[in-house]
Amino acid sequence: MDRASFYEQVYQVTRLVPKGRVTSYGAIASYLGTKGSSRMVGYAMASSHQISPPVPAHRVVNRNGVLTGKFHFGSLTAMEDLLAKEDVKVLDDKIVDFKNKFWDPAAELDLEK
DNA sequence: ATGTTGACTTGGA
DNA sequence: GTCCAAGCCAACA
């Protein structure tokens, strides 16, 4: 993991997000150990458009469950459309029942244990 | 090496 | 409950 850049780590964790689930930038940042660099997580996603394999960035939202980065998808409806296909309802740019669909890598992966 | 930037988070009013 | 300000760290020029 040390060889991989912070970006790569973010990409990998993001790919681990199960379909139909969403996570927050802070959760990923915290999982990587850099809680304070929550911005970097989102910033990394900005570069995830052209990398491979593709990163399900649409499953990553802010702590509020709001699609803050939907504007970066090219189309304003692209992100919520992708989420809708994964049984994730989006209302007013916010994840419906976000708390229930929230997926915390640190808690789910539990690699510390 | 320094400065700017950013798909965030938290805390205080 | 909402709104504003500051902090945070890594990549890039």
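In what follows, every heavy atom counts, from backbone to side chain, and hydrogens, waters and symmetry copies are set aside. Every value quoted in this text rests on a predicted model; they were computed, and no experiment measured them. Every chain is numbered from 1 and lettered A, B, ... according to where its sequence line falls, protein lines coming before strand lines.
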Trainee: Heavy-atom contacts under 4.0 Å between residues 69-94 of chain A and DNA chain B, which residues?
Mentor: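 Residues of residues 69-94 of chain A that come under 4.0 Å of DNA chain B are, in numerical order, A:G69, A:H72, A:F73.
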Trainee: Mind checking which stems touch DNA chain C? I mean at least 3 consecutive Watson-Crick or G-U pairs, both distances under 3.5 Å.
Mentor: B:2-6 with C:9-13, B:8-13 with C:2-7
Trainee: Just wondering, do A:Q12 and A:Q9 contact through their side chains at under 4.5 Å, heavy atoms?
Mentor: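 In short, these two side chains do not touch, never coming nearer than 4.5 Å.
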Trainee: Between A:Y11 (side chain) and A:A44 (backbone), is there a donor-acceptor pair under 3.5 Å?
Mentor: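 Here the side-chain-to-backbone pair exists.
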Trainee: May I have all residue pairs that pass salt bridge (charged side-chain N to carboxylate O under 4.0 Å, His left out) and include part of residues 39-56 of chain A, sequence neighbours excluded?
Mentor: none
Trainee: Return each pair, listed once, that meets side chain to side chain donor-acceptor pair (under 3.5 Å) where at least one residue sits in residues 41-55 of chain A; pairs must be two or more places apart or across chains.
Mentor: none
Trainee: At under 4.0 Å between heavy atoms, what does A:A57 touch on the DNA or RNA strands: base, sugar-phosphate, or nothing?
Mentor: base
Trainee: Under 4.0 Å, heavy atoms only, any strand: does A:H49 hit a base, just the sugar-phosphate, or nothing?
Mentor: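 Answer is base: heavy atoms of A:H49 come under 4.0 Å of a base.
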Trainee: Got A:V60 and A:V10 here, is their nearest side-chain heavy-atom distance under 4.5 Å?
Mentor: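 Side chain of A:V60 against side chain of A:V10, heavy atoms only: no contact under 4.5 Å found.
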Trainee: Quick one: which residue pairs count as a ring-ring contact (aromatic ring centres under 6.0 Å, His included) with a foot in residues 79-101 of chain A, not counting sequence neighbours?
Mentor: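 Every pair satisfying ring-ring contact (aromatic ring centres under 6.0 Å, His included) with a residue in residues 79-101 of chain A: A:F98-A:F102.
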Trainee: Taking any atom closer than 4.0 angstrom to a non-hydrogen atom of chain A, what span of DNA chain C does the protein reach, first nucleotide to last?
Mentor: C:dG7 to C:dA11
Trainee: Would you call A:V90 and A:V96 a side-chain contact if the rule is heavy atoms closer than 4.5 Å?
Mentor: no
Trainee: Below 3.5 Å, can you tabulate the donor-acceptor pairs from side chains in residues 69-81 of chain A to any protein atom, sequence neighbours excluded?
Mentor:
unit_1	atom_1	unit_2	atom_2	d
A:K70	NZ	A:D93	OD1	3.0
A:K70	NZ	A:D93	OD2	3.4

Trainee: Show me the pairs that pass salt bridge (charged side-chain N to carboxylate O under 4.0 Å, His left out) and involve residues 40-68 of chain A, at least two apart or across chains.
Mentor: A:R59-A:E86
Trainee: For A:D87, check salt bridge (Lys or Arg N to Asp or Glu O under 4.0 Å) against everything at least two apart and list the hits.
Mentor: none
Trainee: Could you list all the side chain to side chain donor-acceptor pair (under 3.5 Å) pairs where at least one residue sits in residues 95-105 of chain A, not counting sequence neighbours?
Mentor: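 Qualifying pairs, neighbours excluded: A:D97-A:N100.
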Trainee: Restricting to non-hydrogen atoms, name the atom on A:P105 and the atom on A:A27 that form the minimum distance, rounded to 0.1 Å.
Mentor: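 That would be CG-O, 3.9 Å.
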Trainee: Base contacts versus sugar-phosphate-only contacts with protein, heavy atoms under 4.0 Å: please encode nucleotides 8-13 of chain B as B, S and - from 5' to 3'.
Mentor: BSB---
Trainee: What's in the same ILVMFWY side-chain cluster as A:V66, cut-off under 4.5 Å, chained through other members?
Mentor: none
